Amino acid sequence: MHINSFNLRTVLLLIMVLLMPAISLIAQKKDGKTIYPGAVWPDNRGNPIQAHGGGIIRLGSTYYWFGEYRAKDNPPGYRYVGCYSSKDLVNWTFLKRIQFSDPENLGAGWVLERPKVYYNEKTKKFVMYMHLDDRSYKFARVGVAVSDKVDGDYQFVKSFRPLGLESRDIGQFIDDDGSCYLIFESRPTRGFYIARLSDDYLDVAEQTCFISAPLEGGAIVQYNGLYYAIGSAMTGWNPNPNKFATAESLKGPWSEFTNIAPPEKNTYGSQSTMLIKVTGSKDTTVIFMGDQWKPSTQWDSRYLWMPVEIGDGKLRLPEPKPWKLNIKTGEVKIENN
Ligand code: DGJ
């Protein structure tokens, strides 16, 4: 068939028009400034970030994100914790896949979930907490591992039941004064505990509070002097309406728990893991970090991060949309808002 130059131009134009949406999406994904809740989130290598059930610490101006590293090509037998760094909470550099080999002989299907790392100024050690379990979730203990470097080879130290209680999902809270807490879910007492860490962070020193609400995925943030706790109902990997409560002191009393989003949305398919506060020069933003679990393809589980509407005792997770964060000013811009 003979294609003259007019036809060729028309065909090329048509192809470009058809490809425009895809081209602009790729460009958006590469602008390096936008967080896309629920989309594949590539690290600096172009690999999907593997830091599920994660926690974040900030050291100076660098953020470190730790979480379950569930890549499809993980060598079997071991469990892994991913460690990434970022200056802006958007672009993440892969630092290390930290390897653990069944430290408590829990057998096939052993569980390492929701790792959280604290930095201890006095001992200069990085202390990792993790939920350790056997395949039927009966062991119900925390594991502790330490490292001299944030992305070092963490050495397993011990496992224990905090305050002598069964502990499954764990959460991390570091208050503005630097004091560190472990949040853990206790099935027998139907609720979650907030426990202050000991001076060396290798243990819990005391019970700060017991929140009597059967929730897991516990997370806390302090905003304008009020504490906000969130958690999810216990429905395994399936999403449910996550809820929040407030208290003037970490010790309570805590208000009733209320939905953070319309209940039929099931937290937009996600489950809470942490609330991060970014205090900038102009604004303070609190980010809901959630996991969108994919139980049969866990390597493809996604992250739902959205800035929440927070203040005066209210907390609301808005409908997920792409958004930008200015890490210096703390300001947020949600697309189409
Ligand atoms: C819900 C927890 O939040 C997850 O971390 C994980 O333990 C699943 N349950 C397992 O079903």
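Please read these numbers as outputs of a predicted model, since none were measured by experiment. First listed ligand is number 1; within each ligand, the first listed atom is number 1.
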Per-atom contacts of ligand 1 with Gly236, taking only distances under 4.0 Å to non-hydrogen atoms: 1 (C), 9 (N), 11 (O)

Approximate separation, where rounding is to 0.5 Å, of Asp148 CG and Phe126 CZ: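 That separation rounds to 9.0 Å.
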
Criterion ring pair (Phe, Tyr, Trp, His ring centres under 6.0 Å) against Trp305, the qualifying member of Trp65, Trp323, Phe288, Tyr36: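 For Trp305, the ring pair (Phe, Tyr, Trp, His ring centres under 6.0 Å) check succeeds only for Trp65.
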
Nitrogen or oxygen of Asp169 less than 3.5 angstrom from that of ligand 1: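 N/O-N/O distance below 3.5 Å exists for this pair.
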
Heteroatom distance test (Glu113, ligand 1): nitrogen or oxygen, under 3.5 angstrom: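 Between Glu113 and ligand 1, an N or O pair is found under 3.5 Å apart.
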
Selected option - heavy-atom contact closest to atom 5 (O) of ligand 1, from Arg114, His52, Met234: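 It is Arg114 whose heavy atom sits nearest to atom 5 (O) of ligand 1.
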
Charged N-O contact under 4.0 Å between Glu319 and Lys321: no

Location of contacts on Gln271 toward ligand 1, heavy atoms closer than 4.0 Å: side chain

Minimum heavy-atom distance between Tyr154 and Lys149, given as atom pair plus value: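 Closest approach of Tyr154 to Lys149: OH-O, 3.7 Å.
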
Any side-chain donor near an acceptor of the partner, Tyr63 and Asp88, under 3.5 Å: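 There is no such pair between these side chains.
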
